[in-house]
Amino acid sequence: MRKPISVPALAVSYHTPSNPTDPLRLRLLLGSHFAQHVRGKLETDKGFTCTVGISTNKLLSKLVGNSHKPKDQTTLVPPYTTSDGTTDNVTSFLDGHEVGKIPGIGFKLAHKLRAHVLQRRADSDADLVYGSPKENVLVSQVRQAPGLGADALEKILVSPGTPHGIGAKIWGLLNGSDDSEVGRARDVPRQISIEDSYMRLDTLDQVTKELLVLSKSLLKRMHADLLDDEDDVIKAYAFDDVEAAASKPISKRWLAFPKTVRLSTRPRPPLNPDGSRNRSFARISRSAPMPNFVFSLKETVDSLAKRLVVETFLPLFKKLHPEKTGWDLSLVNVAVTNMVDAASEKGGGVGRDIGKMFKRQDDVLRQWTVYDTSVPISGQKSEHDTEMAERVGDEGELGGARSATPKVAEVKMGSEDIPTPSQEEGFLLEDRWESEDEDMIDDDSYRCDECDAIMPIFAMGAHARWHAQD
DNA sequence: GTGGGGGAG
DNA sequence: CGTTCTCCCCCAC
């Protein structure tokens, strides 16, 4: 059952005299051990391979993680800073990247940066929207542009709506510095949306049809993503009596309630005098409170979708497009947002071990819950006009295949984030591994032969060396 | 809370 | 590779 998990043996060849107790080196080493552990576990448990980058912050880890796809890991090795005039590896690694390749620098910001470096401010650059720009501008060119720094960048990059301090942020990225936090995975998304694009959509009739299609799809997504389906558990529980299990009430509960619905469209830009058409991705939207009937588990998705279109989306559409005619939509999007967690646990431990988090759920749900059709709950002063009920048996047509995207944890050991000055090569390290043998306690824990300490496997190499020293 | 901008994958 | 679809965060109002 246990597959041999290899333990890393780093083939490190640093370009500077290496101090084995350098905290940076130790942390990178630990990071690469951990990455190896996670990758190995992901592959043996789930069959997915993945690529990982190891460095001191998200920016650098992510960038260096592009290096050895599809199933290797890469560590950006020291030196991260230099005191003499030589170039550190962070700088030389970053400098070769086109500005737009830096995570956080998207199409708009990259365009402004290129324009500044190339001195072609108001030029109708006509950068390609997708793909690589006509004229590549490297990070080194931006970093070395005369007079450029956080403050100058702030002025260059600001436009209505840009976050404050964007200059400092981008300057940081260009210098390998990134203090953004690693976020915890959420149990439910913040928003669910369905959209489609159209060659031509210019009558209310067509719009109504499309809204219905989109609404059905949205409702199904809500069921798939926001509904706690204990079907499997119940079936397993009554494994020996499938008939009984099937007739048992299936308890489906909403994990979260979106409070807002939103309708967005992308109007097709009017054609120019010369007959061409401007490319525009601008969207406009209107939103409204979520009507509570959508949480009903008794009505069919089809009937709910119709109600949703008539009662919510069409009115929103009229707010969005008051003119009866003259518009043509290239895209329509329907969304639900403002999720309110049904089981919101305070304190730590969010996101994991969802299993026993639902003690409170009855309280949260009470206002929406009706135990069966005939017995409405009295004395409710909530404005919710619709009911949910526990549902029996049948299974609608939910559960369309949704792919489970493997997610890999990123580790942040601390922020080094040192802006750096000056060139060299060979700063990437391909990790290599050999195997050792350990005492397995369970899937994740191992016991040290020497001191009986229990730890995850990725820590054992370092632990053994700790025993071996002096 | 609403509507828009920018970005990632 | 370019395009589409989905999701995220931030901002001003």
Side-chain angles (χ1 to χ4, degrees), chain A residues 50-51 53 58-59 61-63 65-66 69-70 98-113 127-134 153-154 156-170 173 178-199 201 210 213-214 217-218 220-222 224-226 256 258-268 279-290 312 315-317 319-321 329-340 400 402-408 410:
Chain A
C50 70
T51 308
K58 282 204 290 182
L59 196 229
S61 305
K62 187 169 168 51
L63 273 181
N66 292 328
K69 294 182 173 184
E98 209 282 328
V99 272
K101 289 285 200 302
I102 305 301
I105 302 181
F107 173 69
K108 301 274 188 175
L109 294 180
H111 184 80
K112 289 181 183 177
L113 291 172
D127 258 316
L128 277 64
V129 174
Y130 299 113
S132 30
K134 287 256 177 10
L153 273 183
E154 183 80 25
I156 292 167
L157 300 178
V158 282
S159 54
T162 44
H164 287 119
I166 187 158
K169 187 188 151 213
I170 299 302
L173 296 181
D178 170 24
D179 63 1
S180 64
E181 301 272 321
V182 175
R184 191 180 286 279
R186 265 181 294 274
D187 42 353
V188 294
R190 291 195 188 280
Q191 139 185 316
I192 297 173
S193 72
I194 300 290
E195 69 187 36
D196 207 344
S197 51
Y198 306 91
M199 295 279 287
L201 190 58
E210 294 306 326
V213 170
L214 294 172
S217 179
L218 183 64
K220 288 178 188 173
R221 278 291 307 282
M222 285 176 58
D225 289 7
L226 303 181
K259 291 195 308 188
T260 307
V261 272
R262 186 182 60 216
L263 172 67
S264 313
T265 64
R266 184 165 71 204
R268 202 182 304 282
R279 245 213 290 201
S280 167
F281 297 92
R283 294 174 179 216
I284 53 180
S285 70
R286 292 294 181 270
S287 49
M290 175 71 85
T312 304
L316 281 177
F317 185 84
K319 267 171 83 178
L320 212 44
H321 299 281
L329 309 178
S330 62
L331 177 140
V332 177
N333 173 297
V334 295
V336 297
T337 63
N338 287 335
M339 303 291 180
V340 171
R402 304 202 59 246
S403 62
T405 306
K407 289 188 175 159
V408 178
E410 283 183 283

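Here is the naming used below: chain letters follow the sequence lines, and residue numbers restart at 1 for every chain.
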Integer-rounded Å distance: [N] [atom2] and [X] [atom1]:
X	N	atom1	atom2	answer
Lys108(A)	dG4(B)	NZ	P	15 Å
Asp225(A)	dT6(C)	CG	C1'	11 Å
Arg262(A)	dT2(B)	CZ	P	11 Å
Arg283(A)	dC9(C)	CZ	P	17 Å
Glu195(A)	dC5(C)	CD	C1'	5 Å
Ile194(A)	dC7(C)	CD1	P	7 Å
Leu109(A)	dA8(B)	CG	P	9 Å
Tyr198(A)	dC5(C)	OH	P	8 Å

From CG (Leu109(A)) to CD1 (Ile156(A)), nearest 0.5 Å =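 Leu109(A) atom CG to Ile156(A) atom CD1 measures 11.5 Å (nearest 0.5 Å).
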
How many angstroms lie between atom CZ of Arg268(A) and atom OG of Ser197(A), to the nearest 0.5 angstrom?
->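 Here the interatomic distance stands at 9.0 Å.
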
OP1, OP2 of dC10(C) versus side-chain N and O of Arg190(A): anything below 4.0 Å?
->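 No, Arg190(A) has no side-chain N/O under 4.0 Å of OP1/OP2 on dC10(C).
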
dG3(B) OP1/OP2 closer than 4.0 Å to side-chain N/O of Ser285(A) |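 It does not, given that no N or O in the side chain of Ser285(A) lies less than 4.0 Å from OP1 or OP2 of dG3(B).
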
Which nucleotide in dT2(B), dT6(C), dC8(C) has an atom nearest any side-chain atom of Gln191(A) |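 Looking only at heavy atoms from C-beta outward on Gln191(A), the closest nucleotide is dC8(C).
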
Choosing from dT6(C), dT2(B), dC7(C), which nucleotide comes nearest the side chain of Arg221(A)?
->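 Looking only at heavy atoms from C-beta outward on Arg221(A), the closest nucleotide is dC7(C).
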
What's [X] touching, base or sugar-phosphate or nothing? Going by heavy atoms closer than 4.0 Å.
X	value
Ile284(A)	sugar-phosphate
Ser159(A)	sugar-phosphate
Asn333(A)	nothing

5' priority, DNA chain B, between Leu320(A) and Lys259(A) [closest heavy atom] |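 Closest to the 5' end, via its nearest nucleotide, is Lys259(A).
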
